[in-house]
Amino acid sequence: MTPDHRSLATLSDSRSHWLQGYPAHLSRTWTLPSGQSLRVRPIRHDDGELEEAFVRGLSLESRYQRMLSGGTKVTPEWIDSMTHIDYQRHMAFAVSTALDGVEQFVGVGRYVVDPPTNIADIALVLADAWQGQGLGRRLLATLLEHARTAGVREAVGVVLATNKAMLRLARSMGFSVTAEPGDATVMRIRRDLSNVNAQPH
Ligand SMILES: CC(C)(COP(=O)(O)OP(=O)(O)OC[C@H]1O[C@@H](n2cnc3c(N)ncnc32)[C@H](O)[C@@H]1OP(=O)(O)O)[C@@H](O)C(=O)NCCC(=O)NCCS
């Protein structure tokens, strides 16, 4: 085998490796009141370009609210860490639309489980133009339901104290909201997942 053949073989091996574990059955179609359809699906390892375009397109405010910092550098390593997920410890769903036939993310929600405690850190963000249309609620419900089905005990998150939308959404979905000791700029949200009901989202 030439070096080129070898690297092609490695590429296709690694592609087939993650594709084998890709939970395609979790994909859904959401229909908006306008009749528009959105695709909701687990993030794929080859979603790097879509993820990067999505994050770069966020307003500074949305980025800050999601990352709790304006300084997160969108490096290839960071994009890899957001897309090369294992669907167990790290699970992420993308909500996407097709613009001129090309898929584009309009929202991403994810959780990362801490194995010793079985508690998931949860976070989501909608593209600015897609906020306030009920998608955050549906995406959060999808994450909670999937985490519960996967046996995760609790979902937690850290939210800016000024982030009214997220705090209100979290409260209305059964999260407790408490102050973070020693840091007045953020609040901690927490929800036991044992009583999350399976709903069509
Ligand atoms: C927070 C966020 C995820 C909510 O998603 P969304 O699609 O905009 O919210 P929805 O339309 O589903 O609304 C759900 C609930 O959130 C609350 N909400 C949404 N927008 C709000 C606003 N501007 N002010 C106050 N509450 C608001 C309401 O309680 C609303 O329920 P209601 O319509 O029944 O009153 C979204 O606004 C976002 O991506 N913000 C930037 C990133 C971020 O803050 N992420 C959270 C960090 S984990």
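Counting starts at 1 for both ligands and their atoms, following the listed order.
- With values rounded to the nearest 0.5 angstrom, Arg148 atom CZ is found 9.5 Å from Ser194 atom OG.
- Using a 3.5 Å distance cut-off with no hydrogens or angles, the side chains of Ser62 and Gln131 do pair a donor with an acceptor.
- Around ligand 1, the residues contributing at least one heavy atom under 4.0 Å from the ligand are Ser62, Gln65, Ala123, Leu124, Val125, Leu126, Gln131, Gly132, Gln133, Gly134, Leu135, Gly136, Arg137, Asn163, Ala165, Met166, Arg168, Leu169.
- Ring pair Phe54/Phe105 is perpendicular by interplanar angle, where above 60° counts as perpendicular and below 30° as parallel.
- With hydrogens and angles left out, the side-chain atoms of His146 and Tyr111 include a donor and acceptor closer than 3.5 Å.
- Cation-pi geometry between Arg44 and Trp18 is not met at under 6.0 angstrom from the ring centre and within 45 degrees of the axis.
- Minimum heavy-atom separation, His45 to Ile85: NE2-O, 2.8 Å.
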